[in-house]
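Data block below; observations after.
All heavy atoms count here, side chains included; hydrogens, waters and symmetry mates do not.
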Amino acid sequence: MEERQRRQPGTNPDWMSYLPEELLDVPLWNLAIPGSHDSMSFCLDVSSPVLKSEPRLLRVIDRLFPCWTRPCVSRWATTQESVLSDQCDLGVRFFDLRIARKPAEGSKLFFAHGIYTLTTVKEALGELAVWLGDHPKEIVFISCSHFESLTDEDHLNLVEFIIALFGKKLWPSEDVPTLRSCWSRGQQVVVSYGDQQVVLQYPELWPGVPYLYADSPDPKKVIAYLEDQKSKGRPAGFYVSGLNLTEDAPYVLLHPLQSMRKMTKKALSVLLDWVKEQRPGWQQVDGVNILCCDFVALSSFCSLVIDLNYKLQRFPVTDPVN
């Protein structure tokens, strides 16, 4: 309890270093970890076109009426409001990074959600590297996925950049990560990569982390889906329970003046009540691991997820690495 009281209300920049001694040897996939869904969507570029992977109807309308379509898409595709370092200070340790090659930007890589971002991959990851240097006992999970329009050369350059940037801070995929082992080696970064062929070439990369989400704008359906998934037993290793709401293109076009922020704000009480009831850990066949939410700065989401770890103190830690 003494360590827990050192955390400041509303901010959690060093929460991993404050966890009780008995949790330091627990595999990180048995802890509760806050994550942000579409972590880079706070900086969408309304001058950029709709992604090629978006529905054809939306792309056709975008070509005809870009001044209407792109602000509308931005309102629905923006799911975060804080830069990565601020998300880290809130307690976020899992980052959902959807990477894309932006038209007319050469070899630079950006992020995307409906449309492209203003910030490049190198700028965002560089910001994370600086933050980690100031918080040596915090571990982050970088989930790279989607890879809109990337070439084989883009993948190669991206992975080589990640390895050069984080270097010895990367935790290799063949080892079981715990807080104590990470601290002893000075390793702070787990990178999952959503392209299996690339993962096979680099021991520094982890396979893509399963992301379970309901694909629904209704928070009650989101909870029902996650409960159904729990009843089937949790995946081995890392996995994400997505609390994010989703909408389709027709819904966006029919609600141009609404936004994902408004939708999320209305749903938060239902979603957070569910979070409070969860348990992480190896004792629970349905134990949660990474929980992702939209607009992590809007609520106490991060603190609620972090506090789930203290439920593990109620059980004897007999064989935490299994």
Side-chain angles (χ1 to χ4, degrees), residues 14-17 19 23-36 39 84 88 92-99 109 121-122 124-147 150 152-211 234-240 280-282 287-292 309 317 319-322:
D14 298 291
W15 68 265
M16 287 180 162
S17 67
L19 287 178
L23 301 186
L24 301 188
D25 295 310
V26 173
L28 296 181
W29 48 71
N30 284 327
L31 296 180
I33 297 169
S36 57
S39 307
L84 296 190
C88 285
V92 171
R93 295 294 178 269
F94 177 92
F95 296 95
D96 174 21
L97 304 182
R98 306 183 180 200
I99 297 171
L109 296 181
V121 169
K122 288 187 176 181
L125 295 184
E127 179 187 353
L128 271 182
V130 171
W131 188 90
L132 288 168
D134 293 333
H135 302 270
K137 286 193 170 183
E138 300 303 299
I139 319 300
V140 299
F141 303 79
I142 300 173
S143 175
C144 301
S145 66
H146 287 63
F147 307 119
L150 264 66
D152 290 343
E153 184 178 2
D154 290 330
H155 282 288
L156 173 64
N157 291 337
L158 173 58
V159 174
E160 293 294 341
F161 171 75
I162 290 172
I163 293 173
L165 177 65
F166 294 112
K168 294 181 179 179
K169 291 183 183 292
L170 293 169
W171 185 273
S173 58
E174 65 267 18
D175 296 336
V176 176
T178 68
L179 287 174
R180 197 187 306 275
S181 59
C182 287
W183 295 347
S184 68
R185 302 184 191 181
Q187 293 171 320
Q188 295 179 268
V189 184
V190 174
V191 177
S192 73
Y193 206 84
D195 187 305
Q196 185 61 23
Q197 294 304 312
V198 176
V199 170
L200 292 174
Q201 300 175 50
Y202 295 93
E204 297 90 348
L205 301 179
W206 289 68
V209 175
Y211 194 116
R234 57 158 293 166
F238 297 114
Y239 86 103
V240 177
W282 57 96
V288 296
N289 176 211
I290 300 164
L291 292 93
C292 278
N309 291 300
V317 179
D319 192 11
V321 297
N322 290 332

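- Between the side chain of Trp183 and the backbone N or O of Lys137, at least one donor-acceptor pair lies under 3.5 Å.
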side-chain contact (heavy atoms from CB on, under 4.5 Å) between Asp96 and Val240, intermediate numbers included: CA-CA 10 Å; Asp96 174 21; Val240 177; over 6 Å; no
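- Under a cut-off of 6.0 angstrom, the local environment of CD in Glu174 is crowded, with over 12 non-hydrogen atoms contributed by other residues, nucleotides or ligands.
- Heavy atoms only, all atoms of each residue included: Trp15 and Asn309 are closest at CZ3-ND2, 3.7 Å.
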Worked verdict on Leu179 versus Leu31 for side-chain contact (heavy atoms from CB on, under 4.5 Å): CA-CA 10 Å; Leu179 287 174; Leu31 296 180; 4.3 Å; yes
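- For Asp14 against His135, the heavy-atom pair with the smallest separation is OD1-ND1, 2.8 Å.
- Using a 4.5 Å heavy-atom cutoff, the side chains of Ile142 and Trp206 are not in contact.
- The heavy-atom pair separating Pro177 from Cys182 by the smallest distance is CB-SG, 4.2 Å.
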Please lay out, stage by stage, how Phe95 and Leu128 fare under the test side-chain contact (heavy atoms from CB on, under 4.5 Å). CA-CA 10 Å; Phe95 296 95; Leu128 271 182; 3.9 Å; yes
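- Checked by atom type and distance alone, the side chain of Glu138 pairs as donor or acceptor with a backbone atom of Ser17 at under 3.5 Å.
- Taking CG of Leu23 as the start and CZ of Arg180 as the end, the distance is 10.5 Å to the nearest 0.5 Å.
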Determine, step by step, whether Glu204 and Tyr193 satisfy the side chain to side chain donor-acceptor pair (under 3.5 Å) criterion, reporting the C-alpha distance in whole Å, the side-chain angles of both residues, the deciding distance to 0.1 Å, and the verdict. CA-CA 10 Å; Glu204 297 90 348; Tyr193 206 84; over 6 Å; no
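- In terms of heavy atoms, Asn30 sits closest to Arg234 at OD1-NH1, 3.6 Å.
- One distance of note links CG of Leu28 with CE of Met16; it measures 6.0 Å at 0.5 Å rounding.
- The shortest side-chain heavy-atom distance between Pro172 and Gln187 falls under the 4.5 Å cut-off.
- Between Val190 and Val209, the closest side-chain pair of non-hydrogen atoms is not below 4.5 Å.
- Looking at every heavy atom in both residues, Pro207 comes nearest to Ser192 through O-CB, 3.2 Å.
- Here the side chain of Trp171 pairs a donor or acceptor atom with the backbone of Asp175 at under 3.5 angstrom.
- Annotation: salt bridge (Lys or Arg N to Asp or Glu O under 4.0 Å) contacts of Asp154 (sequence neighbours excluded): Arg101.
- Within the model, atoms CG of Leu150 and NE2 of His155 stand 5.0 Å from one another, a figure rounded to the nearest 0.5 Å.
- Here CG of Leu84 is found 8.0 Å from CG of Leu125. Values are rounded to the nearest 0.5 Å.
- The two atoms that bring Pro34 and Ala32 nearest to each other are CD-O, 4.2 Å, heavy atoms only.
- To the nearest 0.5 Å, the span separating CG on Asp195 from CG on Leu158 amounts to 10.5 Å.
- To the nearest 0.5 Å, atom CG of residue Leu109 and atom CD1 of residue Ile99 are 7.0 Å apart.
- Screening Tyr211, Phe238, Trp29 for a ring-ring contact (aromatic ring centres under 6.0 Å, His included) with Phe141, the sole residue that qualifies is Phe238.
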What do the steps show when you test Ile162 against Cys144 for side-chain contact (heavy atoms from CB on, under 4.5 Å), and what is the final call? CA-CA 11 Å; Ile162 290 172; Cys144 301; 4.2 Å; yes
